[in-house]
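For reference, the structure is listed below as structure tokens.
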Amino acid sequence: MKLILLLSLFLAPAFAYKESQKTKQNFSSNNTSHKRLKRDWIWNQMHIKEEIDTPLPHHVGKITSSVRNNNAKYIIEGEYANTIFKVEETSGDVYAFERLDREKKAEYELTALIIDRRNNRSLEPPSKFIIKVYDINDNAPVFVQKVFNGSVPEMSPVGTSVTKVTAVDADDPTVTGHATVTYQVIKGDEYFTVDDSGVIFTTRADLDRENQSTYEIIVKAKDAPGFSGDSSTATVIITLTDINDNFPVFKHQSFHFKVPENVSVGGEVGRVKVEDIDEPQHRNTKYSFVRGDYRDTFEIVANPYTNEGIIRPKKPLDFEKVAEYRFDIEATDPTVDLRYFKSGGSRSISTVTIEVTDVDEPPVFTKLPYEFKVRENDPEKKTLGSVWAYDPDAAKRKIRFVRRKASPNGDYIRVSDTGIIQLPKPLDREFSSSYNITVAAQEILEDGRPSDRESHAQVHVIVIDENDNAPELVYPEEPRVCENAAPGKVIIRISATDKDEISPRGFFKYSLATEDSNFSLVENHDNTANITVKYGQFNRELAKIHYLPVIISDNGDPELSSTNTLVISVCKCNEKGDFTFCEERAKQVGVSIQALVAIFVCIFTIIVIALLILLRKRHKKDLSGLGRNVAEIHEQLVTYDEEGGGEMDTTSYDVSVLNSVRKNGMKPETVPSPYAQVQKPPANPTSGAEKMEIMIEVKKDEADNDRDLLPYDTLHIYGYEGAESIAESLSSLESGSSDSDIDYDFLNDWGPRFKMLAELYGSEPNEDFVY
């Protein structure tokens with residue numbers, strides 16, 4: 001190694017001539033300047049092997065310079081200077097003080113300097129050099145991952161690429177054999193192999209996914225042959241992908257289904273099942289009929305998700321005609337790759353039996369839909385035609401027809417029990433140009449009741465138009481004309497409409513009902529006409545509004561016409577012909593007949609209610625008058641100058657009761673009694689006090705309950721005089737001067753009928769009362 005370094009030092013080229021010409025350095029010695037001689041660093045790149053097993057330190061190389069100075073000193077700088085690498089300062093030998101690993105760091109960059117040890121001044125510019133670490137084959141190849149995955153279609157030919165594995169060697173690839181990796185299948189080599197680049201290939205052509213879908217092999221990576229070193233292994237999982245190489249096979253040799261005869265067309269009768277061992281994306285089963293004449297009755301459609309064959313009827317089934325169907329079907333797959341077809345036959349056949357069961361079917365109409373035409377307003381047309389339905393079952397029950405729905409709604413079209421379409425009244429095309437009804441056909445059971453099974457048919461009636469409506473004027477904006485309008489001035493353009501159908505050749509004809517006006521009419525031959533000024537110069541003093549009758553006739557058969565009034569206002573205009581003033585027209589307010597009828601009904605109802613109230617009040621008054629006899633009325637006619645019947649009157653009325661009530665200040669108990677039925681107590685041998693009490697209560701109840709009496713109090717005066725009277729005088733003439741200390745405030749509790757009496761007796765003695 002030292003010999004190589006010495007040779008490198010002597011053979012190192014010295015190409016620093018140009019640089020030495022540019023680099024000059026002045027040295028001061030005895031205050032004189034000297035020119036510097038050419039000097040060069042002398043070395044080449046240094047190399048050292050990794051993992052040297054000799055004792056440290058290890059000599060790396062030598063740095064030297066052409067400087068001839070006994071005080072020269074070599075030093076190195078850099079990341080690893082003076083730690084891993086050190087230099088002998090006088091000789092320039094570089095040593096490594098640690099064992100190097102090329103896989104950690106392959107080269108080191110350092111800087112060499114030569115200085116004067118006396119003043120540490122540089123004798124040469126710094127120079128960088130590189131120490132490269134030589135590789136030794138000390139690393140085994142390592143796989144980049146422990147498990148690899150690959151896939152290949154089943155039944156692939158020999159040599160089909162599956163996947164690629166990769167292992168890396170940390171040694172120097174520039175050194176021959178150090179980083180070269182070889183591969184070998186050590187498990188599963190009977191099915192797969194691997195080349196030196198790591199690509200795995202198949203070695204057999206009969207790899208069948210249906211037999212084995214995955215393979216797990218082990219691959220070993222090692223250094224190139226002839227080089228020592230360890231090896232590593234990795235697992236490779238290989239999946240066989242499916243191809244369509246198998247035909248479907250029926251799970252059963254025969255299938256049996258039961259289906260009612262009323263199954264809908266396109267409905268499901270049953271499903272036949274097959275087995276296809278390929279994956280779902282490669283299951284493309286097709287079903288077909290092999291034997292049997294029912295291709296026009298049924299179809300078999302494959303379910304794309306379950307691969308089942310769905311049998312569907314293509315037309316209605318009829319138990320009465322065919323009660324059982326039997327046929328053979330075949331299942332195959334047209335997309336199978338015949339190159340990999342396995343023996344065993346490409347056809348799978350099964351027998352299908354379909355048993356049709358009888359059901360109570362609804363009636364069947366013989367024609368759908370039904371359409372009839374009728375002229376409008378035809379009073380003689382009573383029958384349009386008929387509908388017909390029959391019972392398809394063997395019972396052949398009778399059929400009854402019923403109308404279910406109608407459009408427009410109403411009794412415009414009827415249907416009889418036997419299916420005859422009738423018109424109760426002529427149809428009006430202007431109300432509706434077509435009428436639709438839904439007719440239901442019901443089976444009649446043996447007991448006469450209708451069956452719940454029914455079918456429906458649509459009946460469409462088209463009304464043919466006839467010319468029965470006269471054209472009408474389409475009233476435009478309010479027509480106006482200037483009072484100084486010139487002859488021929490167009491006032492307005494009018495048009496018409498007709499509720500009847502208008503043929504393409506039909507035109508309206510316009511004319512004026514009278515020629516005695518200042519207006520003329522000009523037809524435009526496009527179903528419109530212009531109203532123009534005939535003479536000009538209208539006189540607003542004579543007429544500010546003109547009523548122009550216009551006759552409009554159609555081109556129908558028969559021809560109809562109508563007279564329409566056009567109201568034209570005469571307005572003041574300026575010189576430009578712009579309207580400046582027009583009278584406001586009286587707006588026509590119309591009320592429909594229905595609204596008038598509703599108003600009259602309301603008024604009549606109010607009048608009837610008012611009459612009933614008045615009659616009730618009068619009846620109550622009559623009852624009140626009948627309930628009072630002459631004697632009762634006489635008792636209420638009381639005057640102040642009545643002297644009474646003397647002391648002997650106490651035999652008729654015992655006023656002690658009234659007196660006692662007045663003294664005790666108590667309100668007598670109310671006896672509810674309708675005033676209209678109150679009568680005076682009959683004569684009996686009771687005492688006078690009881691009679692007086694009954695009389696007072698009866699009168700009080702009449703006053704409280706009779707709402708028809710005058711709204712003021714009635715003053716009853718009972719003056720009982722004489723030595724035999726046990727009651728004091730009740731006369732209002734004597735009460736004013738009475739010294740009695742009786743409190744009459746209890747009269748306030750007797751109600752509004754005794755208000756005046758309470759005020760009289762409850763006031764202070766010195767107050768004056770004015771009546």
Side-chain angles (χ1 to χ4, degrees), residues 255-271 292-294 296-299 310-327 352-374 381-425 427 434-462:
F255 296 90
H256 186 272
F257 304 103
K258 283 187 177 182
V259 60
E261 63 175 334
N262 61 348
V263 62
S264 61
V265 175
E268 182 175 329
V269 173
R271 298 192 178 198
D293 299 331
Y294 304 114
D296 59 339
T297 306
F298 299 97
E299 64 177 354
I310 304 174
I311 303 177
R312 297 173 178 172
K314 298 170 63 177
K315 62 182 182 180
L317 304 181
D318 193 345
F319 170 81
E320 286 73 25
K321 294 182 179 179
V322 180
E324 184 180 273
Y325 297 86
R326 185 186 299 271
F327 48 84
V352 176
T353 302
I354 300 176
E355 180 182 348
V356 181
T357 60
D358 188 24
V359 295
D360 186 10
E361 298 177 274
V364 178
F365 281 93
T366 57
K367 178 183 177 182
L368 290 174
Y370 293 88
E371 183 176 292
F372 303 98
K373 294 183 179 180
V374 60
K381 194 70 173 179
K382 299 295 183 180
T383 301
L384 297 180
S386 63
V387 296
W388 181 250
Y390 64 93
D391 181 9
D393 298 321
K396 301 301 179 183
R397 297 189 179 100
K398 293 183 179 180
I399 306 299
R400 184 177 67 183
F401 299 92
V402 180
R403 194 189 78 166
R404 289 299 186 204
K405 293 187 296 184
S407 177
N409 192 17
D411 188 22
Y412 301 105
I413 300 176
R414 298 175 183 174
V415 57
S416 66
D417 293 345
T418 58
I420 298 176
I421 306 301
Q422 301 171 338
L423 295 179
K425 59 182 178 180
L427 301 180
S434 63
Y435 296 80
N436 298 281
I437 63 170
T438 300
V439 178
Q442 297 177 329
E443 295 181 4
I444 305 301
L445 301 177
E446 287 72 10
D447 57 358
R449 293 182 298 104
S451 171
D452 56 353
R453 306 287 294 174
E454 67 178 37
S455 57
H456 302 87
Q458 301 297 323
V459 177
H460 183 57
V461 178
I462 300 175

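In this chain, residues are counted from 1 in sequence order.
- A donor-acceptor pair under 3.5 Å is formed between the side chain of Asp393 and the backbone N or O of Glu361.
- Here the shortest heavy-atom pairing between Pro363 and Ser455 reads O-OG, 2.5 Å.
- The line from CD of Gln442 to CD of Glu454 is 5.0 Å long, rounded to the nearest 0.5 Å.
- Summarising the geometry of Ser451 relative to Leu445, their closest heavy-atom pair is CB-CD2, 3.9 Å, with the distance given to 0.1 Å.
- Residues Arg271 and Ile310 form a side-chain contact, since some pair of their non-hydrogen atoms from C-beta on lies under 4.5 Å apart.
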Problem set entry | From CA spacing to verdict: side-chain contact (heavy atoms from CB on, under 4.5 Å), Val356, Val263 | CA-CA 10 Å; Val356 181; Val263 62; over 6 Å; no

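- Ring-plane geometry between Phe298 and Tyr325 is classed as perpendicular, the angle between the planes exceeding 60 degrees on a 0 to 90 degree scale with a lower cut at 30.
- Pairing each heavy atom of Thr357 with each of Pro260, the nearest pair is OG1-CA, 3.1 Å.
- For Lys396, the NZ atom is densely surrounded, since the number of other residues' heavy atoms within 6.0 Å is greater than 12.
- Using a distance-only test at 3.5 Å, with no hydrogens or angles considered, a donor-acceptor pair links the side chain of Glu261 to the main chain of Val359.
- Rounded to the nearest 0.5 Å, atoms NE2 (His256) and CD (Glu324) are 6.0 Å apart.
- For the pair Val461/Leu427, a side-chain contact is recorded, criterion being any heavy-atom separation below 4.5 Å from C-beta on.
- To the nearest 0.5 Å, atoms CG (Asn436) and CD1 (Ile462) are separated by 9.0 Å.
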For this session: Go through the steps to decide whether Leu317 and Val322 satisfy the test side-chain contact (heavy atoms from CB on, under 4.5 Å), and finish with yes or no.
Result: CA-CA 8 Å; Leu317 304 181; Val322 180; over 6 Å; no

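- To the nearest 0.5 Å, the span separating CD on Glu299 from NZ on Lys315 amounts to 13.0 Å.
- Side-chain polar atoms of Gln458 and His456 form no donor-acceptor pair below 3.5 angstrom.
- Of the possible donor and acceptor atoms, none in the side chain of Tyr435 sits under 3.5 Å from a partner among the backbone N and O of Ala406.
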Exercise. Going through the checks in order, is the side-chain contact (heavy atoms from CB on, under 4.5 Å) test met by Ile399 and Glu443?
Worked result: CA-CA 5 Å; Ile399 306 299; Glu443 295 181 4; 4.0 Å; yes

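- In terms of modelled atom types and a separation under 3.5 Å, the side chain of Arg403 and the main chain of Asp411 share no donor-acceptor contact.
- Minimum heavy-atom separation, Phe372 to Gly385: CE2-CA, 3.7 Å.
- For NZ of Lys258, the number of neighbouring non-hydrogen atoms (other residues, nucleotides, ligands) closer than 6.0 Å is 12 at most.
- To the nearest 0.5 Å, the span separating CG on Asn262 from CG on Asp358 amounts to 9.5 Å.
- At least one side-chain heavy atom of Ser416 sits under 4.5 Å from a side-chain heavy atom of Gln422.
- A salt bridge is absent between Asp391 and Arg453; no separation between the charged side-chain nitrogens and carboxylate oxygens falls under 4.0 Å.
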Problem set entry | Pair Asp360-Arg397, salt bridge (charged side-chain N to carboxylate O under 4.0 Å, His left out): steps then yes or no | CA-CA 11 Å; Asp360 186 10; Arg397 297 189 179 100; 3.6 Å; yes

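- Taking all atoms of both residues into account, the shortest heavy-atom contact from Tyr412 to Pro424 is O-CD, 3.2 Å.
- Taking 4.5 Å as the limit, some side-chain heavy atom of Pro313 sits within range of a side-chain heavy atom of Val269.
- Around NZ of Lys373, the count of heavy atoms belonging to other residues, nucleotides or ligands within 6.0 Å does not exceed 12.
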Exercise. Given the rule in the side-chain contact (heavy atoms from CB on, under 4.5 Å) test, do Val459 and Val415 qualify, once you have shown the distances and angles that lead to the verdict?
Worked result: CA-CA 10 Å; Val459 177; Val415 57; over 6 Å; no

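- Separation of atoms CD1 (Ile421) and CZ (Arg414) is listed at 12.5 Å; rounding is to 0.5 Å.
- In terms of heavy atoms, Pro450 sits closest to Ile444 at CA-CD1, 4.3 Å.
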